[in-house]
Amino acid sequence: GSNNSINSDPAAGHLSRDNPGGRNFHFGIREHAMAAICNGMSLCGLRSYAATFFVFTDYMRPAMRLSALMHQPVIYILTHDSIGLGEDGPTHQPVEHLAACRAIPNLLVFRPADAHETAVGWRVALQQNSRPTALVLTRQNVPQLKMGDTGQKGSPEQGAWVVWQPVPDCDLILMGTGSELSLCLEAAKQLHAAGRRPRVVSVPCWELFAEQTREYREEILPSRVTARVACEAGLEMGWRDLTGFSGEFVGMDSFGASAPAEVLFGHFGITTERIVAAAQRVCKP
């Protein structure tokens with residue numbers, strides 16, 4: 001219930017002593033056992049998912065690792081994905097967790113930016129037969145991307161895609177995931193108004209992008225454009241593969257704090273203004 005993942009179909013029911021056929025399993029606060037049980041369900045031929053706050057992958061990781069090791073397509077619905085969690089404070093705010101999950105072999109980590117990308121992520125997860133998927137979702141509201149917007153290329157199914165490019169040729173690439181993609185879009189519009197030619201790339205799934213052809217990856221992140229900025233409310237670890245050493249990263253390098261989401265994003269500098277400043281530094285005169 002805390003992350004709205006209950007199957008609300010009355011026919012699904014809740015598993016209990018009196019209803020052994022119920023499809024909603026209330027695990028309680030026992031994340032490791034939850035993921036382990038979902039592995040067991042999957043090994044028995046059922047399609048299982050586990051749902052909790054993203055920070056609690058700390059407790060689940062050994063069982064998540066076994067999902068990947070055993071090639072079981074368990075789905076992990078992981079919400080409250082950043083300092084945007086707010087007042088619960090740093091103990092409940094993920095910082096290093098994206099990097100930790102992305103380091104698990106054979107695990108798809110999908111961090112969507114809006115409802116459309118979330119639907120795509122769910123579809124991708126259901127299509128998997130031999131690897132688990134972590135759907136990493138934000139707590140706070142995010143704007144909906146406009147499908148068919150200026151310069152769009154590719155699709156979320158391919159791990160990264162161009163969501164906005166106002167002119168045919170770009171001299172700057174801004175990359176983001178999840179709730180930070182909207183900051184990249186706003187920064188790009190400001191930079192375009194100032195004379196730059198930006199491209200905004202959403203990167204919901206690093207693993208899927210790495211599996212694409214060299215031609216597709218070059219089409220989305222052309223190697224000739226070295227002026228790059230990435231923004232994510234997590235650690236920089238891994239982003240250098242996409243930004244290059246001449247690029248910049250806007251994100252976290254410490255634990256969080258207790259305050260409303262908008263206050264925290266301002267306090268830690270995950271803002272449109274900081275993305276614009278970083279872009280101006282990486283762009284050649």
Side-chain angles (χ1 to χ4, degrees), residues 3-4 54 77-84 98 108-127 133-170 172-193 196-210 212 216-217 219-222 225 228-234 239 242-243 249-251 261-262 265 270-276 278-279:
N3 55 19
N4 297 322
F54 188 36
I77 299 174
L78 306 167
T79 62
H80 299 68
D81 67 354
S82 72
I83 56 171
L98 280 164
L108 288 183
V109 181
F110 206 102
R111 188 172 186 245
D114 70 345
H116 169 67
E117 286 196 350
T118 302
V120 169
W122 183 253
R123 181 170 67 242
V124 167
L126 291 176
Q127 291 170 344
T133 303
L135 290 173
V136 183
L137 305 165
T138 185
R139 178 194 187 191
Q140 59 271 31
N141 293 328
V142 292
Q144 184 73 16
L145 295 172
K146 295 179 180 178
M147 294 301 99
D149 208 347
T150 305
Q152 287 185 353
K153 294 180 182 178
S155 66
E157 288 97 332
Q158 294 167 292
W161 62 299
V162 179
V163 298
W164 189 72
Q165 183 175 319
V167 294
D169 188 37
C170 65
L172 166 68
I173 298 174
L174 304 182
M175 293 173 274
T177 73
S179 52
E180 292 73 69
L181 185 68
S182 60
L183 301 178
C184 293
L185 278 164
E186 180 57 36
K189 291 172 182 176
Q190 292 183 21
L191 289 159
H192 178 53
R196 292 293 175 187
R197 305 190 306 277
R199 165 180 288 190
V200 179
V201 175
S202 176
V203 194
C205 186
W206 292 11
E207 297 81 17
L208 289 176
F209 186 57
Q212 304 308 306
Y216 179 80
R217 285 179 280 139
E219 181 182 14
I220 301 303
L221 297 178
V225 183
R228 302 181 181 187
V229 177
C231 181
E232 186 172 65
W239 273 107
L242 300 180
T243 64
F249 176 75
V250 175
E262 61 274 12
F265 276 89
I270 304 176
T271 62
T272 298
E273 292 75 19
R274 191 173 170 201
I275 296 170
V276 169

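Side-chain atoms of Q212 do not come within 3.5 Å of backbone N or O of R217 as any donor-acceptor pair. Side chain of D114 to backbone of P143: no donor-acceptor contact under 3.5 angstrom is found. Side-chain atoms of R139 do not come within 3.5 Å of backbone N or O of D81 as any donor-acceptor pair.
Results of the side-chain hydrogen bond (donor to acceptor under 3.5 Å, both in side chains) test with Q165 over H192, R197, R199 single out R199 as the only residue that passes.
In the displayed structure, N141 atom CG is contacted under 6.0 Å by at most 12 heavy atoms of other residues, nucleotides or ligands.
A 4.5 Å side-chain heavy-atom check between W164 and P198 finds at least one atom pair inside the cut-off. L137 places a side-chain heavy atom less than 4.5 Å from the side chain of T118. Using a 4.5 Å heavy-atom cutoff, the side chains of L174 and L191 are in contact. Side-chain contact between W239 and W206 is present, with at least one heavy-atom pair separated by less than 4.5 Å. Contact of the F209 side chain with the L242 side chain is registered, since non-hydrogen atoms from C-beta on lie closer than 4.5 Å. Within the 4.5 Å cutoff, the side chain of P112 has no heavy atoms near those of the V120 side chain. Using a 4.5 Å heavy-atom cutoff, the side chains of Q140 and S82 are in contact. Contact of the W122 side chain with the I77 side chain is registered, since non-hydrogen atoms from C-beta on lie closer than 4.5 Å.
When all heavy atoms of Y216 and A160 are compared, the closest pair comes out as OH-O, 2.7 Å. Here the closest heavy-atom approach between residue F265 and residue S179 is recorded as CZ-OG, 4.4 Å. What you find for R274 and G251 is that their closest heavy atoms are NH1-O, 3.9 Å. Considering all non-hydrogen atoms of both residues, L208 and V124 come closest at CD1-CG1, 3.9 Å. Shortest non-hydrogen contact noted between G159 and P204 is O-CD, 3.0 Å. C184 and I275 make their closest contact through N-CD1, 4.0 Å (heavy atoms, listed as atom of the first residue, atom of the second, distance).
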Worksheet entry | Check against side-chain contact (heavy atoms from CB on, under 4.5 Å), T271 and L183 | CA-CA 6 Å; T271 62; L183 301 178; 5.7 Å; no
Discussion item. V229 vs M175, test: side-chain contact (heavy atoms from CB on, under 4.5 Å). Steps then yes/no.
Written reply: CA-CA 6 Å; V229 177; M175 293 173 274; over 6 Å; no
Practice prompt. Let me see the working for R228 and L221 under side-chain contact (heavy atoms from CB on, under 4.5 Å), right down to the final yes or no.
Written response: CA-CA 9 Å; R228 302 181 181 187; L221 297 178; 4.0 Å; yes
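Atoms CZ and CG, on F54 and N3 in that order, are 13.0 Å from each other to the nearest 0.5 Å. Separation of atoms CD (E232) and OG1 (T177) is listed at 3.5 Å; rounding is to 0.5 Å. If you take SG on C231 and CG on L181, they are separated by 9.5 Å, rounding to the nearest 0.5 Å.
Between the side chains of E117 and W161, a donor-acceptor pair is found at a separation under 3.5 Å. Neither side chain, T272 nor E186, offers a donor N or O lying under 3.5 Å from an acceptor on the other.
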Show the atom names and distances, to 0.1 Å, of all donor-acceptor pairs under 3.5 Å that link a side chain in residues 150-157 to residues at least two apart or in another chain.
from	atom 1	to	atom 2	distance (Å)
Q152	OE1	G148	N	2.9
Q152	NE2	K146	O	2.7
Q152	NE2	V163	O	3.3
S155	OG	E157	OE1	3.1
S155	OG	Q158	OE1	3.1
E157	OE2	R123	NH2	2.3

